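Below is one structure, written out as structure tokens; comments come after it.
So that the names make sense, note that chain A is the first sequence line, chain B the second, and so on, each numbered from 1. From a predicted model like this one, the values you see are computed outputs, not experimental measurements.
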2 protein chains.
Amino acid sequence: MPHSLSAAENFIEQMGLITQDDGGPRIAGRIMGLLIVEGQPFSLAEMAERLKISKASASTNARLLANAGMIRQTGRAGDRQDYYELGEDPYQRMMETVSARLRKVADLVFEAETRFADDDGGARSRVHQLAEFYAQSADFLADWSKQSVSKGDASRNAAPPSTGDRDDN
Amino acid sequence: MPHSLSAAENFIEQMGLITQDDGGPRIAGRIMGLLIVEGQPFSLAEMAERLKISKASASTNARLLANAGMIRQTGRAGDRQDYYELGEDPYQRMMETVSARLRKVADLVFEAETRFADDDGGARSRVHQLAEFYAQSADFLADWSKQSVSKGDASRNAAPPSTGDRDDN
DNA sequence: CAGTTCGTTCAGTATTGACTGAACTATCGG
DNA sequence: CCGATAGTTCAGTCAATACTGAACGAACTG
């Protein structure tokens, strides 16, 4: 009975692998999977026990996810442990995090662009195009995440943001 | 004069760091940066020389980028070296690659979902929600990448895809 | 004001994977 | 054919970082 993972274990492990492939810590993905599958708050000690990981990892990665807005800290009456559960709109928040990352990258590229001379064989304008791309992507995802998506009601026909050129360099 | 990077060097290095933060190989980002900044084909030997990297790395990472559709292989008359240059719509292709990745993840989660019993305290439906989220995101990016974005003409008011529920599990 | 029970932090370990140098294969030019 | 020139592959090295165990600090409990 130890072999052939249960549906829950399998899902949790997949989440770990997916997260790892995306360049994140595997344990963060596993915690995310655990909270999704169980649908209720877990204490750090419970996570550590269930996922066979150290307290330290549970603490660090839970905080990481909380900072990314994907899970949220809770408490229980008469219990001084920290509990964590899925946040309000976890996937929406995930989008917002990605958007924020893109915006940061856009700013980096805009900054790099300023160091070019105005004519550089078109180099500057190509760099500018890249920065614009990142900025537009960030805006686009941010707007999309404002719509209620992937929730129970799943609104259809989300309106698109207008993707005109920006002027903030 | 060796200190204080030129605009080009700085940009190339930033691209490397950005790529690294995104979980990719730093050199791939640097090559991307080089091709953007120079706007003309480079041979593997030229890349290796300019970026101070090994032939092996140039070869491997150029192929990686080409497989992702972000750059494209070219040739020159009377020259048997492999040249690489920016592809048709590099950023569009970048989006398509991200979309493909999301679709792959969605499929993994759909697959994991099937292993759950129909009633599992809502576990199955929560997993399904996650799969839907990934699938919708993939569709959304794919649709968006079909619009001409971040090109010279920069079309405004891109129409949004309708994000209704899917039924392909 | 002890004694517990938490969570966090930090030094050390281990693992992953990027990168390189060198060997190998293939193709072109003479 | 033979030498040279390319690109790829692969074993080995190195660096980054995920993860752990243990020490620490803070906050509740009695």
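Atom-to-atom, CD of B:Glu46 to P of D:dG7 comes out at 10 Å; the value is rounded to the nearest Å. Spacing between atom CD1 of A:Ile27 and atom C1' of C:dT15 amounts to 13 Å, rounded to whole angstrom units. Computed from coordinates, the B:Lys55 NZ to D:dA6 P distance equals 9 Å when rounded to whole Å. Atom CD of A:Gln73 and atom P of C:dT8 are 7 Å apart (whole Å). As a whole-Å value, the separation of A:Asp82 CG from D:dC28 P is 12 Å. When rounded to the nearest whole Å, the span between CG of A:Asp21 and C1' of C:dG17 equals 13 Å. A:Leu44 has its CG atom 12 Å from the P atom of C:dT9, to the nearest Å. Taking atom CG of residue B:Asn61 and atom P of nucleotide C:dT20, one finds them 9 Å apart after rounding to whole Å.
Note that the CD atom of A:Glu96 and the CE atom of A:Met70 stand 11.5 Å from one another [nearest 0.5 Å].
Contact annotation: A:Arg63 reaches the phosphate of C:dT9 (side-chain N/O to OP1 or OP2, under 4.0 Å). Taking side-chain N and O atoms only, A:Arg26 has no distance below 4.0 Å to OP1 or OP2 of D:dC19. For A:Ser54 and D:dT20, the shortest distance from a side-chain N or O to OP1 or OP2 is below 4.0 Å.
Inspection of the B:Ser54 and B:Ser57 side chains reveals an N or O donor paired with an N or O acceptor under 3.5 Å.
Comparing A:Arg80 and A:Lys52 by the nucleotide of DNA chain D that holds the closest heavy atom to each, the one mapping nearer the 5' end is A:Lys52. When the nearest nucleotides of DNA chain C are assigned to B:Ile53 and A:Ser43 by heavy-atom distance, the more 5′-ward of the two goes with A:Ser43. Where B:Tyr84 and A:Ala56 meet DNA chain D, the nucleotide closest to each residue was compared, and B:Tyr84 sits on the side nearer the 5' end.
No more than 12 heavy atoms of other residues, nucleotides or ligands shown are found within 6.0 angstrom of CD on B:Glu49.
When all heavy atoms are compared, the tightest approach of A:Leu65 to A:Met32 is CD1-N, 4.1 Å.
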Test side chain to side chain contact (heavy atoms under 4.5 Å, CB included) applied to B:Gln73 and B:Arg63, step by step: CA-CA 9 Å; B:Gln73 197 173 344; B:Arg63 196 146 26 89; over 6 Å; no
